[in-house]
Amino acid sequence: MPSKAPKDGINESELRVGDPKTHAVGLPAVINSLRISFDQMGALRSAKTLMNVNQKKGFDCPGCAWPEGDKRHAAEFCENGAKAVAEEATKRKVPPEFFAEHSIAEMLEKDDYWLGQQGRLTHPMVLEAGDTHYRPISWDGAYNIIVEELAAMDSPDQAVFYTSGRTSNEAAFLYQLMVRGLGTNNLPDCSNMCHESSGSALTETLGIGKGTVSLDDVQGSDLIIVAGQNPGTNHPRMLTALERAKKNGATIVAVNPLPEAGLLRFDNPQTASGLLGTKFGGGTQLADDFLQIRLGGDQALFQGLGKYLLEQEEEHGNVFDHAFIRDYTDGLDSYLAEIRNTSWDEICFASGLTRAQIETTGARLIAAKSTVVCWAMGLTQHKHSVAMLRDVVNVLLLQGNMGRPGAGVCPVRGHSNVQGDRTMGIFERMPEAFHDKLDAEFGFASPRRHGFDTVNAIRAMRDSKVRVFMAMGGNFIRATPDSAVTEDALRNTELTVQVSTKLNKSHLVHGRRALILPALGRTDRDTQATGDQRVTVEDSMSAVHASQGRLEPPGPEVRSEVAIVCELAERLFTGESAPYRANAPQLDWIACRADYSLIRRHIENVIPGFEGFESKIKYGGGGFVLPNGPRDGRRFATATGKARFTANELDYPKVPEGRLILQTLRAHDQYNTTVYAKDDRYRGIYGGRRVVFVNEVDLAAAGFRDGDMVDMVSEYEDGVERRAESFRAVAYNTPVGCAAAYYPEANVLVPLDSVAKVSGTPTSKSVIIRLEAAAPATAAAAH
């Protein structure tokens, strides 16, 4: 039998610190997966559900976006995937009676772990102005409130519509259509905070804002550089691909500030040797080299690699792919001039690496027949992230590592359909060609003025320029930077609407009025008027496939995201009294709710690559792969029609004396803002989360010791004090001058206005802080 929800949250006084692990997964991961699954779902429901995860006729994991191969294992999920499924398929429920028992003020005192553990939402709930408790409301009543508030706006731009990466292609397509039918492009999403820098850099240099490799490319590559990424926690199934690449002869170079267990050694639980573990001679060493980079120093590393390749080309020749450069690229001379003028001393200082380390990796590049560079948020959340990623592309272009087997760029997306949502039009700056197709398909004039991204949406709410905020999934308040500013911003609105599966902090920080609309998850059966429906998602490598849940929904009042959008849009656009009927998209919304294949028919008419959409997911087995110009035929849809070398001035965080540079990151028992349990066993943290990892040299220099209680205070040019109180200092193997702490607890330290150039991504990996002794009262409470 599954257990009841915990009465209490995380007690930081129970925090224990042990030794970090040197290898990932293995039997402990299996045991932890089963423990959490049985706890939330019970044994029978766990078995029924987990065997359908990532299967061709099953449902897509609600966790990460790592792709599946054509041949699937019976247990095609990882530890964190099992946790994500257990959280969604839990038998625990949050009915109206729960809200009657718990006031907003009481729940605000609870932590993220406690809130998420309570279970699935079952009824629409409303919080009227001045109320202390949510109360149940009918769906008609909820829609009427939304329509009323939207109709009262002076301008469509007074509404903001956020999207998380869990939303299906079908729901996302209709959601953006509804929003554009209202007359705004205010469509911020979680990608704004994560991989926007990747999209900006890759679109400019390669003509597509996505990766250019397939799973076969990764597994068949000669050299894989994994930079700014912790696959053991964030994308554990990637470890299997790296292991296969290793067995095929690949060399793997790990580039990261922390020596993460998943970058070093992998105990594959689907093999006997992996289950036996390292102690008994099992497992696979993944990284041949570990480059412990200084935070923000990755651009210096890749400029150093480019400089080394140039020096070897000039001395020995046969290093550059001259035919590829001549036929498919431009801008080489400007790039070479820039790296010639960058000194080795500055490269080494900025990266924190020795010249010998960089040259060793450079020699590996020369020896390799093909190279893939993988990365995640460690490269995307700095002020100079876009320039950094342009330099990643530069190094690959020098050797023609684009558009051939085993070579290319691999930005590893986080949430399971964040890439698909962008493909569907969830973006505040979609290209004109998309708008033209949308207008032709639906007979209306979509707005062309760019909308708010996530940071600009918060600024607009802060400045009282937004009346309505609606979130299609996610936990906006805990995913965003500058927590205190963001909370005040949301409270400036007239109405906040959260479409959610589980209770979270964003339900408790609200506008004058608030709605919670309970939605189906991936594991739930979605039955509409024409029968059971399937949805689709797109993974990190542009493969689209179907997803169909099998479990009974948590209650009859829970509706699919598609149904919620269709029913709301019907009230906004149709009928004599509809407030936005004048320029409404011409669509039978109720028919689309009844039959999702109708939505897919519209998608294939608007978005290139979806021709024959329905037949491909019905008869295509594992789905289909979208066109990718650089990968498919070395075609580059850039301003010049060629892949572009770029000249980028070397940049890196400048840290004042006595200060540290902080990165925020996930614990192992966490995915995005969802905290599954209390531990981070790979880093040796048990029973708590308020820790800051600091090199012992930096602790001593600041007058602290391992185990001391400290406050972190961020320092930014606006002079505002941002303080995270009562964190236990943990002496850890970080580069000198660098620190790390978990989000969302440390998000309060990230200034709203500190964003990446070009992309606008918050700089969550480049926060300048100082450490101060925690106040005795707060330190005692933490202990």
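- Of the N and O atoms on the side chains of Asn169 and Asn417, at least one donor lies less than 3.5 Å from an acceptor on the other residue.
- For the residue pair Lys765/Gln381, the side-chain donor-acceptor check at 3.5 Å is satisfied.
- A cation-pi arrangement, defined by a distance under 6.0 Å to the six-membered ring centre and an angle within 45 degrees of its axis, is present between Arg666 and Tyr671.
- Of the possible donor and acceptor atoms, none in the side chain of Gln118 sits under 3.5 Å from a partner among the backbone N and O of Lys93.
- In this structure, a donor-acceptor pair under 3.5 Å is present between the side chains of Glu170 and Thr536.
- In this structure, the separation between CG on Asp112 and CD on Glu745 is 6.0 Å, given to the nearest 0.5 Å.
- Sorted by first and then second residue, the pairs that involve residues 172-189 and meet salt bridge (charged side-chain N to carboxylate O under 4.0 Å, His left out), not counting sequence neighbours, are Asp189-Arg422.
- Using modelled atom types, one finds no donor on one side chain facing an acceptor on the other under 3.5 Å when comparing Glu196 with Ser759.
- In this model, a donor atom of one side chain and an acceptor atom of the other lie less than 3.5 Å apart for Arg459 and Asn456.
- Side-chain contact, Gln528 with Asp526: a donor N or O sits under 3.5 Å from an acceptor N or O.
- Proximity of the aromatic rings of Phe573 and Tyr580 is defined here by a centroid distance below 6.0 angstrom, and this criterion is not met.
- For Arg491, the CZ atom is densely surrounded, since the number of other residues' heavy atoms within 6.0 Å is greater than 12.
- Lys210 and Thr423 share a side-chain donor-acceptor pair at under 3.5 Å.
- Of the N and O atoms on the side chains of Arg522 and Ser416, at least one donor lies less than 3.5 Å from an acceptor on the other residue.
- A 4.5 Å side-chain heavy-atom check between Glu106 and Leu108 finds every atom pair outside the cut-off.
- Side-chain polar atoms of Ser754 and Thr763 form a donor-acceptor pair below 3.5 angstrom.
- Under the 3.5 Å distance criterion, with hydrogens and angles disregarded, a donor-acceptor pair is assigned to the side chains of His382 and Ser766.
- Aromatic ring centres of Phe476 and Phe469 lie closer together than 6.0 Å.
- Counting heavy atoms from C-beta outward, Arg449 and Asp157 have side chains that approach closer than 4.5 Å.
- There is a side-chain donor-acceptor pair under 3.5 Å between Ser560 and Tyr596.
- We find that Arg92 and Glu87 are not joined by a salt bridge, their nearest charged nitrogen and carboxylate oxygen being 4.0 Å or further apart.
- A donor and an acceptor atom, one from each side chain of Ser446 and His435, are located under 3.5 Å apart.
- No option in Gln548, Arg120, Arg550 other than Arg120 meets the side-chain hydrogen bond (donor to acceptor under 3.5 Å, both in side chains) test with Asp524.
- Residues His102 and Trp114 bring their aromatic ring centres within 6.0 Å.
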